[in-house]
Amino acid sequence: MIDLGDWNERLAPLFADERYKKIRQFLIEEYKNHVVYPDMYDLYNCFRYTPFEKLRVVLLGQDPYHNVGQAHGLCFSVQDGVPNPPSLENIFKELQTDIGCPRPKNGNLTKWANEGVLLMNTSLTVREHQANSHSKCGWAWFTDSVIKLISEQKEHVVFILWGGNARSKKTLIDSRKHYIIECVHPSPLSAYNGFFGSKPFSKTNEYLVSNGLPPIDWDLTK
């Protein structure tokens, strides 16, 4: 098991659970017999790059990108040199109009993860070219448990929920001690129905600062 820093102790009960053992057995067969994304060594990058103690924002995605070379364990993010998917392009458009950040040259969001933004998909794996193909293997139980853990053990976290899948997780979050930002998904199919103009980046920082926490540096060009 990869060392996940201060997540190790918190996630240990999940990794010891029989439900996780079933996920693991499923993945052994999937990686053996199919092309699966991300690479198995990148599976838990969202935890590796964003320590629990540093976490201030949770950005939820659905499942990893399913085309060659894109996914690397952080939702909405692609590896260096890979063209930006349309949803990510729309996120960057909103970033620019919301807080004036220049458009980055690539779609690697690792800097956001290092800033304290947990970039977690509700399913952590996917079969190549088959969106949502691992949604029934048990990941929902695992990532729901992570959301509840964060809600219970942290205070003043911003949860950014874009699209129906992410918004369905709202009931897992204690809105009395956290801030929930929700709207339609940034995909081209829905972005003009409420994503553009939603100002998630400025709203996040306003909330963090108002609660005595440092804002997120969203600028990926620095």
Side-chain angles (χ1 to χ4, degrees), residues 46 49-50 55-67 70-123 126 131-132 135 143 147 150 156-173 175 178-211 213-222:
C46 65
Y49 294 153
T50 307
L55 186 157
R56 287 171 283 157
V57 179
V58 176
L59 176 54
L60 279 183
Q62 182 169 291
D63 59 347
Y65 295 125
H66 52 77
N67 291 327
Q70 293 179 313
H72 64 121
L74 304 176
C75 74
F76 293 108
S77 180
V78 292
Q79 301 187 72
D80 290 340
V82 175
N84 294 340
S87 292
L88 187 56
E89 276 294 307
N90 286 339
I91 290 170
F92 289 158
K93 287 178 184 176
E94 179 62 20
L95 179 66
Q96 189 169 30
T97 52
D98 183 7
I99 56 176
C101 283
R103 297 282 287 278
K105 292 180 179 178
N106 66 66
N108 191 323
L109 305 181
T110 300
K111 182 187 174 186
W112 287 0
N114 293 335
E115 278 281 312
V117 182
L118 183 72
L119 298 165
M120 185 176 74
N121 284 305
T122 54
S123 292
V126 69
N132 247 0
S135 63
T143 54
I147 294 167
I150 295 168
H156 307 311
V157 172
V158 180
F159 288 83
I160 301 177
L161 312 179
W162 290 333
N165 183 277
R167 295 171 86 171
S168 72
K169 309 301 181 181
K170 185 177 179 179
T171 56
L172 305 173
I173 304 161
S175 60
H178 302 292
Y179 181 42
I180 299 172
I181 297 174
E182 57 174 322
C183 71
V184 299
H185 196 274
S187 80
L189 296 175
S190 56
Y192 286 96
N193 292 324
F195 176 74
F196 290 132
S198 61
K199 301 185 180 299
F201 307 102
S202 59
K203 288 178 180 177
T204 293
N205 282 352
E206 286 166 8
Y207 175 82
L208 292 173
V209 170
S210 71
N211 284 282
L213 297 167
I216 301 296
D217 182 1
W218 296 106
D219 191 344
L220 294 166
T221 64
K222 293 180 180 175

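Starting from 1, each residue takes its place in the sequence as its number. No hydrogens, no waters, no symmetry mates; every other heavy atom, side chains included, goes into these values.
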Rounded to the nearest 0.5 Å, how far does [atom2] of [Y] lie from [atom1] of [X]?
X	Y	atom1	atom2	value
His72	Leu119	NE2	CG	8.5 Å
Lys170	Leu172	NZ	CG	12.0 Å
Tyr179	His156	OH	NE2	14.0 Å
Gln62	Phe76	CD	CZ	9.0 Å
Gln79	Thr110	CD	OG1	9.0 Å
Leu118	Ile160	CG	CD1	11.5 Å

Report the C-alpha separation of Leu109 and Leu88 in whole Å, then their side-chain angles, then the decisive distance to 0.1 Å, and conclude whether the side-chain contact (heavy atoms from CB on, under 4.5 Å) test is met. CA-CA 10 Å; Leu109 305 181; Leu88 187 56; 4.2 Å; yes
Looking at Asp98 and Lys203, is there a salt bridge between them, counting it only when a charged N and a carboxylate O are closer than 4.0 Å?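 Judged by the 4.0 Å cut-off on N to carboxylate O distance, Lys203 and Asp98 do not form a salt bridge.
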Using modelled atom types only, decide if a donor and an acceptor are shared between the side chain of [X] and the backbone of [Y] within a distance under 3.5 Å.
X	Y	answer
Asn106	Asn108	yes
Glu115	Asp217	yes
Arg103	Gln96	no
Glu182	Trp162	no
Asn90	Pro186	yes
Ser77	Gly73	no
Thr50	Leu55	no

Can you find a side-chain donor-acceptor pair between Asn121 and Ser123 that sits under 3.5 Å?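 Ser123 and Asn121 do not have a side-chain donor-acceptor pair below 3.5 Å.
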Least distance between heavy atoms, [X] atom then [Y] atom:
X	Y	result
Thr122	Thr143	O-OG1, 2.8 Å
Val126	Pro64	CG1-O, 3.5 Å
Ser198	Glu94	N-OE2, 3.4 Å
Pro83	Val78	O-CG2, 4.3 Å
Tyr49	Asn114	O-OD1, 3.4 Å
Tyr65	Ala71	O-CB, 3.6 Å

Can you tell which of Leu60, Val57, Ile181, Ile147 makes a side-chain contact (heavy atoms from CB on, under 4.5 Å) with Phe159?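 Filter result, single survivor: Ile147.
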Indicate yes or no: at least one non-hydrogen side-chain atom of Pro214 is less than 4.5 angstrom from one of Arg56.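 In short, these two side chains touch, coming nearer than 4.5 Å.
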pair Leu220-Phe92: side-chain heavy atoms closer than 4.5 Å: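 Counting from C-beta outward, Leu220 and Phe92 do come under 4.5 Å.
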Centroid-centroid distance, His178 to Tyr207, less than 6.0 Å: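 Aromatic pair excluded; centres sit 6.0 Å or further apart.
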Audit row: Ser135, Asp63, side-chain contact (heavy atoms from CB on, under 4.5 Å) steps and yes/no: CA-CA 8 Å; Ser135 63; Asp63 59 347; over 6 Å; no
